Amino acid sequence: MALRLYNTITRRIEPFVPLAPPRVTIYTCGPTVWTYAHLGNFRTFLNQDLLRRYLEYLGYDVFQIMNLTDVDDRIIAEARKAGKTISEHTQPFAEAFFEDRDYLGMQPAHVYPRATGAVESMVRLVQDLLDRGVAYRAEDQSVYFAVEKFEGYGRLSQLDKRELKVGARVESDEYSKENLRDFALWKASTPADEAVGAAWDAPFGRGRPGWHLECSAMALEELRSRFGIATLDIHAGGVDLIFPHHENEIAQSEAVTGQPFSRLWMHGEFLTVEGTKMSKRYGNFLTVRDLREEGVDPAAVRMLFFQTHYRKQFNFSDASLAAAGKGAERIGELHQRLLATVGGTLGGEPGEAGALLERDVGRALDEDLNAPNALAAVSNFVTTANRALDGGEWSPAEAAGNLQILGRVTEVFGILPRRPAEDPELARWVEGKIAERQKARSAGDFSSSDAIRDELAAAGIVLEDTPQGARWKQRGS
RNA sequence: GGCGCCGUAGCCAAGUGGUAAGGCGGAGGUCUGCAAAACCUCUAUUCGGCAGUUCGAAUCUGCCCGGCGCCUCCA
């Protein structure tokens with residue numbers, strides 16, 4: 001059993017072999033902080049989070065880099081509109097991104113380099129490319145990458161098989177390029193850029209970095225300074241980044257290093273809404289803050305996203321989110337039940353059910369991160385465990401061992417529903433009500449006991465009568 | 001126009017040559033004072049359509065129908 005992943009560059013599922021195990025370096029293209037990231041963006045990030053967690057589960061020592069793009073056309077336009085500098089404009093959105101990340105329970109990347117903080121290394125990279133003759137300064141004072149000078153350009157996106165749509169890439173400000181496919185490394189500064197603080201000095205002229213430059217510069221910077229290498233193990237992003245973004249990153253980086261920029265390229269598919277790609281452009285987007293305001297449990301979101309394979313589009317709907325939430329709750333219920341069964345038992349030895357769970361989840365995730373299949377295994381385990389618990393078939397030790405495995409596995413997905421924070425005051429009130437109800441029940445006064453249950457329900461408290469007395473929990477909220 | 005992806009039950013979704021995972025929903029049952037939670041049984045003779053290859057196809061090939069994406073600094 002070994003992990004296999006789909007590699008965009010070979011279009012095949014292949015064994016995952018890191019450059020220097022147990023270390024695994026991952027670069028994930030992060031958000032452009034011109035506004036709030038939407039759920040579609042987070043689908044990609046969440047799938048990367050799953051990859052990260054599974055690699056760590058397998059024992060790899062992961063180093064993850066996620067960039068924040070904090071200078072680009074949209075940011076400059078928005079900053080201008082608001083009369084702010086770009087950093088004034090992006091700061092709140094960067095903070096919001098981290099809040100959303102934490103809310104969704106994503107593992108933080110090890111570093112979050114920002115484009116504006118890496119201008120120096122970007123300038124060096126451009127200079128290097130100029131020195132090597134694969135880049136040139138055009139009449140408009142911008143610096144472009146000469147695509148024809150880089151052998152193998154277009155390998156990732158299979159450009160050789162395509163024909164350009166007539167008129168597709170011809171824009172007024174690109175007339176200076178020698179070749180239509182050449183792309184900007186450094187854009188000569190304009191008054192608009194200067195007005196919002198988006199211009200830097202460089203030997204080849206004052207300007208700002210092109211979009212693709214930052215990822216190459218920052219990734220190489222981190223790899224070189226920390227590990228003395230120039231090749232990533234995994235580079236991940238959304239499918240829309242295959243071309244031109246990642247294609248250009250490869251060209252820029254490899255033209256300088258002569259080494260593969262990344263051994264593996266992973267691309268996640270889109271989230272759609274009513275069949276159409278979720279996008280700011282179409283206005284059909286939802287943000288994480290929207291969900292938070294509705295009181296959605298992040299476990300439901302994770303469950304929903306992981307129920308579809310990352311390389312397949314899937315359509316978001318409130319109904320499917322609610323259904324996924326129910327599924328996550330069922331797993332959470334069992335988790336609680338096992339905790340109660342285990343009591344203070346330490347250690348424990350996993351039984352057959354736990355071993356099966358671990359094996360099936362591993363098999364599924366090993367095959368290109370087949371999370372849907374892995375979750376099916378979890379679900380089967382839940383049924384098996386509940387049945388065993390109903391029949392009193394598990395000793396505390398066996399329950400403890402199985403619980404440990406369930407915990408390890410669900411940790412990979414991060415799908416255990418959040419338990420409401422302990423509120424002593426609320427707890428005291430609820431316990432009081434439960435005692436009151438119990439008294440009524442013992443006396444056979446069921447209309448009173450039901451009234452109390454209704455009262456609690458109205459407060460969002462759900463009761464479950466068990467042989468050990470009433471359990472309670474907060475619903476939804 | 002070029003390149004690519006998808007179409008599986010009421011809904012969501014695995015499965016890519018050997019006879020349809022899983023979740024949600026629904027029906028009935030067990031347990032319960034009634035519930036809740038859990039469990040049990042049932043819920044696709046069939047995988048967009050039509051041909052073909054094969055002992056055998058949801059899985060391979062061809063055509064058709066329907067939907068989506070990239071080629072636009074969009075995850």
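Residue numbering restarts at 1 for every chain, and letters A, B, ... go by the order of the sequence lines. Hydrogens, waters and symmetry mates are skipped; everything else that's a heavy atom, side chains included, is used. Owing to the predicted nature of the structure, the values given are computational and were not obtained by experimental measurement.
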A:Ser379 side-chain N/O to B:G23 phosphate OP1/OP2 under 4.0 Å: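 True: A:Ser379 side-chain N/O within range (under 4.0 Å) of B:G23 OP1/OP2.
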
B:A13 OP1/OP2 closer than 4.0 Å to side-chain N/O of A:Asn373: no

[N] versus [M] - spacing of their [atom1] atoms, nearest Å:
N     : M     : atom1 : value
B:A44 : B:C6  : P     : 27 Å
B:C24 : B:A36 : P     : 15 Å
B:G62 : B:G25 : C1'   : 39 Å
B:U61 : B:G17 : C1'   : 13 Å
B:A14 : B:A9  : P     : 13 Å

All pairs passing salt bridge (charged side-chain N to carboxylate O under 4.0 Å, His left out) where residues 445-454 of chain A contributes a residue, at least two apart: A:Asp450-A:Arg453

Run the side-chain donor-acceptor check on residues 65-75 of chain A: report pairs under 3.5 Å with partners two or more places apart or on a different chain.
residue, atom, partner, partner atom, Å
A:Asn67, OD1, A:Tyr27, OH, 3.4
A:Asn67, OD1, A:Gly30, N, 2.9
A:Asn67, ND2, A:Thr69, OG1, 3.3
A:Asn67, ND2, A:Glu214, OE1, 3.0
A:Thr69, OG1, A:Glu214, OE1, 3.2
A:Thr69, OG1, A:Glu214, OE2, 3.2
A:Asp70, OD1, A:Ala115, N, 3.4
A:Asp70, OD1, A:Thr116, N, 3.0
A:Asp70, OD1, A:Thr116, OG1, 3.4
A:Asp70, OD2, A:Thr116, OG1, 2.6
A:Asp72, OD1, A:Arg74, N, 3.2
A:Asp72, OD1, A:Ile75, N, 2.9
A:Asp72, OD2, A:Arg74, NE, 3.1
A:Asp72, OD2, A:Arg74, NH2, 3.3
A:Asp73, OD1, A:Arg208, NH1, 3.4
A:Asp73, OD1, A:Arg208, NH2, 2.9

Test item: A:Val412 and A:Phe306 side chains (from C-beta on) under 4.5 Å apart, heavy atoms: no

Residues in contact with RNA chain B, drawn from residues 447-457 of chain A - heavy-atom cutoff 4.0 Å: A:Ser449, A:Asp450, A:Arg453

Residue whose nearest RNA chain B nucleotide is more 5′ - A:Tyr310 or A:Met303: A:Tyr310

Residue whose nearest RNA chain B nucleotide is more 5′ - A:Phe45 or A:Val382: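 In this pair, the answer is A:Val382.
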
Side-chain polar contacts of residues 101-109 of chain A - donor-acceptor pairs under 3.5 angstrom, sequence neighbours left out - could you list them?
residue, atom, partner, partner atom, Å
A:Arg101, NH1, A:Tyr112, OH, 2.9
A:Tyr103, OH, A:Val296, O, 2.3

Any N/O donor-acceptor pair, A:Lys277 side-chain to B:C74 base, under 3.5 Å: yes

Which residues share a side chain to side chain donor-acceptor pair (under 3.5 Å) with [X], sequence neighbours left out:
X        : value
A:Glu367 : A:Arg4
A:Lys433 : A:Glu455
A:Thr287 : A:Asp290

Lys/Arg N to Asp/Glu carboxylate O, A:Lys326 vs A:Glu329, below 4.0 Å: no

Qualifying side-chain hydrogen bond (donor to acceptor under 3.5 Å, both in side chains) pairs with a residue from residues 235-245 of chain A, counting only residues at least two apart or across chains: A:His212-A:His245, A:His235-A:His246, A:His235-A:Glu249, A:His245-A:Glu249

Residues forming a ring pair (Phe, Tyr, Trp, His ring centres under 6.0 Å) with A:Phe381, sequence neighbours excluded: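 In terms of ring pair (Phe, Tyr, Trp, His ring centres under 6.0 Å), with neighbours along the sequence ignored, A:Phe381 is linked to no residue.
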
Set of residues satisfying ring pair (Phe, Tyr, Trp, His ring centres under 6.0 Å) with respect to A:Tyr6, sequence neighbours excluded: none

Dot-bracket summary - RNA chain B, pairs being Watson-Crick or G-U whose distances fall under 3.5 Å, with | when paired to another strand: ((((((((.[[[..)..(...]]]((((((.......))))))....[[[[[..)....]]]]])))))))....

Nearest-neighbour nucleotide for the A:Thr32 side chain, B:G33, B:A75, B:G69 considered: B:A75

Just the atom pairs and distances: protein N or O near nucleotides 24-28 of chain B's N or O, under 3.5 Å.
residue, atom, partner, partner atom, Å
B:G25, OP1, A:Lys326, NZ, 3.0

